[in-house]
2 protein chains.
Amino acid sequence: MTVRGRPRGFDRAEALHRAMEVFWEHGYDGTSIGELTAAMGIRPPSLYAAFGSKEALFREAVALYEEQEGEPPLRAMCGAPTAAAGVEALLRANVLAYTDQDKPTGCMIVLAATTYTPITAGIRDFLAEQRRSATAAVRDRLARGQADGDVPPGADIDALAAYVSTVQFGLSLQARDGAAREELSAVVDRAMVAVEHLVRPTA
Amino acid sequence: MTVRGRPRGFDRAEALHRAMEVFWEHGYDGTSIGELTAAMGIRPPSLYAAFGSKEALFREAVALYEEQEGEPPLRAMCGAPTAAAGVEALLRANVLAYTDQDKPTGCMIVLAATTYTPITAGIRDFLAEQRRSATAAVRDRLARGQADGDVPPGADIDALAAYVSTVQFGLSLQARDGAAREELSAVVDRAMVAVEHLVRPTA
DNA sequence: TCCATTCTGTAGCGATTGCTAAAGAAGTCT
DNA sequence: AGACTTCTTTAGCAATCGCTACAGAATGGA
């Protein structure tokens with residue numbers, strides 16, 4: 001079952017990766033089709049034939065981002081022996097990722113569409129949903145900690161997960177503002193003081 | 001020394017306030033001149049005659065925002081008896097402000113330009129500078145706490161200030177995502193656990 | 001009264017936006 | 001070979017962007 005017609009002249013996966021990097025750095029609104037086609041090495045009709053629209057391309061780029069950049073820190077969180085260690089692993093992995101010299105700084109999910117224009121409401125809601133699911137992943141890890149006995153049964157894991165996410169969001173913006181890796185690492189040190197304390201028995 | 005020529009037909013201060021609200025909600029890129037003139041009740045030539053350009057108007061809007069929205073929480077921080085109480089007052093005042101029903105959610109300084117397009121680099125850097133000065137204000141309050149004796153001399157106040165700012169940045173995004181006031185309040189509770197602990201003697 | 005000055009309205013500038021029609025190129029099918 | 005299908009190219013669409021030329025309106029000064 002071979003494909004008919006003229007074969008595609010570019011690597012779709014590689015083009016998507018390039019698009020992801022541009023969206024990551026410039027956000028959704030800040031990225032034009034011209035910028036995308038230049039980075040992807042193709043012309044607009046090829047982009048639209050392969051990806052449908054700017055919004056559809058962005059959603060695919062977000063999915064790729066979550067797979068490549070989002071999953072590893074989450075796996076580090078799940079693989080840690082305790083919930084507190086998991087949260088710390090998550091935060092530290094993200095600090096490293098947010099300050100990687102070879103990539104745009106900060107988290108794409110956090111920074112790509114914070115403005116509130118009616119036109120890009122769909123994009124904004126989509127990213128907000130991704131952020132909520134990230135928070136849910138933290139809460140699930142804390143719940144497992146309760147089951148494992150390393151988080152007190154009475155702890156408000158929803159509030160604690162919201163706190164961890166809040167710190168993560170803030171770290172992304174700090175990274176965009178040019179904060180150094182050690183600076184963000186020191187912030188995580190402080191953030192973990194609260195986590196450790198709240199996870200301690202009879203807190 | 002009266003003004004010559006036709007007098008201005010609108011209240012400049014009120015028009016600026018309207019512009020601020022639009023920029024606050026939609027960000028810099030997300031706000032068009034048409035949207036601004038509609039909200040301000042004027043036509044483009046009047047806007048340009050009174051404010052110069054979109055960027056100049058935005059900078060004035062930011063200055064107004066800091067005066068109206070930013071100063072009160074900072075004063076609350078400075079007026080508190082201890083540095084820890086000051087940080088808590090700052091965070092709680094901001095949570096109330098970020099979730100005010102009558103205003104756009106979150107902080108304008110944090111949310112108005114997170115994307116990284118070369119065109120709006122000036123705007124982005126300008127806001128980043130405002131964020132840095134907010135962090136500096138927290139650090140100064142912590143330094144006063146050291147002088148007053150309610151913050152240990154050995155405490156790393158730069159790192160602690162960065163931590164507080166990180167939480168603040170995160171709170172803004174959480175507010176934009178629709179987080180309720182009680183939810184953000186609970187996040188502040190958790191954040192303060194770290195602050196209280198780090199400010200405790202011999203920490 | 002007449003001029004100078006300044007603001008306001010209409011109308012539209014050049015540039016850029018996301019996106020696409022139309023034609024040619026490069027394959028598989030019969 | 002020739003039809004069919006699919007991709008790529010050129011060129012440009014309508015809409016919107018930030019901004020402004022120009023003429024009319026409203027004031028103060030002489």
Side-chain angles (χ1 to χ4, degrees), chain A residues 1-16 18-19 22-23 26-62 112-113 115-124 126, chain B residues 1-16 18-19 22-23 26-62 112-113 115-124 126:
Chain A
M1 179 170 153
T2 53
V3 278
R4 310 247 311 205
R6 177 174 176 172
R8 185 176 283 131
F10 62 95
D11 183 348
R12 191 183 189 279
E14 190 182 326
L16 177 60
R18 300 268 182 83
V22 179
F23 275 132
H26 296 346
Y28 181 78
D29 272 323
T31 302
S32 69
I33 297 291
E35 213 173 339
L36 286 168
T37 55
M40 298 164 87
I42 59 176
R43 252 59 51 191
S46 298
L47 187 156
Y48 282 88
F51 298 99
S53 69
K54 183 185 175 185
E55 177 164 345
L57 172 60
F58 179 76
R59 289 173 187 262
E60 274 200 60
V62 168
T115 51
Y116 210 82
T117 101
I119 295 173
T120 56
I123 293 293
R124 194 193 61 241
F126 173 64
Chain B
M1 181 170 152
T2 53
V3 279
R4 309 247 311 207
R6 177 174 176 174
R8 184 177 285 131
F10 62 96
D11 183 348
R12 191 182 189 279
E14 189 182 325
L16 177 60
R18 301 269 182 84
V22 179
F23 276 131
H26 296 348
Y28 182 77
D29 272 322
T31 302
S32 69
I33 298 291
E35 213 174 340
L36 287 167
T37 55
M40 300 163 87
I42 59 176
R43 251 60 49 193
S46 299
L47 187 155
Y48 282 89
F51 299 100
S53 67
K54 183 185 175 184
E55 179 164 346
L57 173 60
F58 180 77
R59 287 171 188 265
E60 274 201 60
V62 168
T115 49
Y116 210 81
T117 100
I119 295 174
T120 56
I123 293 292
R124 193 193 60 240
F126 173 64

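Letters go in sequence order (proteins before strands), and every chain restarts at 1.
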Exercise. Whole-Å distance between D:dG18 C1' and B:Phe23 CZ?
Worked result: 11 Å

Exercise. Roughly how many Å is it from CD1 in A:Ile33 to P in D:dC13, rounded to a whole number?
Worked result: 19 Å

Exercise. For A:Phe10 and C:dA26, what is the distance between atoms CZ and P respectively, to the nearest whole Å?
Worked result: 16 Å

Exercise. Minimum heavy-atom separation for A:Ala39 to A:Val22, with atom names?
Worked result: CB-CG2, 3.6 Å

Problem set entry | Within-4.5 Å side-chain heavy-atom neighbours: A:Leu57 and A:Leu16 | yes

For this session: Choose from C:dA26, C:dG18, D:dC19 the nucleotide whose nearest atom is closest to any side-chain atom of A:Lys54.
Result: C:dG18

Problem set entry | Euclidean distance, atom CD1 of residue A:Ile42 to atom P of C:dA25 [Å, nearest integer] | 21 Å

Exercise. With a cut-off of under 6.0 Å to the ring centre and 45° to the axis, is B:Lys54 in cation-pi contact with B:Phe23?
Worked result: no

Exercise. Across the strands shown, which category fits A:Thr37 at heavy-atom distances under 4.0 angstrom: base, sugar-phosphate, nothing?
Worked result: nothing

Exercise. Rounding to a whole Å, what distance do you find between B:Phe58:CZ and D:dC19:P?
Worked result: 14 Å

Exercise. The side chain of A:Arg4 lies closest to which of these nucleotides: C:dT5, C:dT10, C:dC29?
Worked result: C:dC29

Exercise. Taking the side chain as C-beta and beyond, is there a heavy-atom pair between B:Phe51 and B:Arg59 under 4.5 Å?
Worked result: no

Exercise. With a 4.5 Å heavy-atom cut-off, do B:Arg124 and B:Tyr28 have their side chains touching?
Worked result: no

Exercise. Under 4.0 Å: is that the gap between some side-chain N or O of B:Tyr48 and OP1 or OP2 of D:dC19?
Worked result: yes

For this session: Take atom CG of A:Leu47 and atom C1' of C:dT17, then tell me their distance rounded to the nearest Å.
Result: 14 Å

For this session: Please state how far atom CZ in A:Arg12 lies from atom C1' in D:dT6, giving the value in whole angstrom units.
Result: 15 Å

Problem set entry | Closest listed nucleotide, where the reference is the side chain of A:Arg43 and the choices are D:dG18, C:dT10, D:dT9 | D:dT9

Exercise. Within the pair A:Ser46 and D:dC7, is there a side-chain N or O less than 4.0 Å away from OP1 or OP2?
Worked result: no

Exercise. On DNA chain C, nearest-nucleotide positions of B:Gly5 versus B:Gly9: which is more 5'?
Worked result: B:Gly5

Exercise. With nearest nucleotides of DNA chain D determined for A:Arg6 and B:Pro44 from heavy-atom distances, which residue corresponds to the more 5′ nucleotide?
Worked result: A:Arg6

For this session: For A:Tyr28 and C:dG18, give me the distance from atom OH to atom P, rounded to whole Å.
Result: 8 Å

Exercise. Between A:Arg8 and B:Pro45, who's closer to the 5' end of DNA chain D by nearest nucleotide?
Worked result: A:Arg8

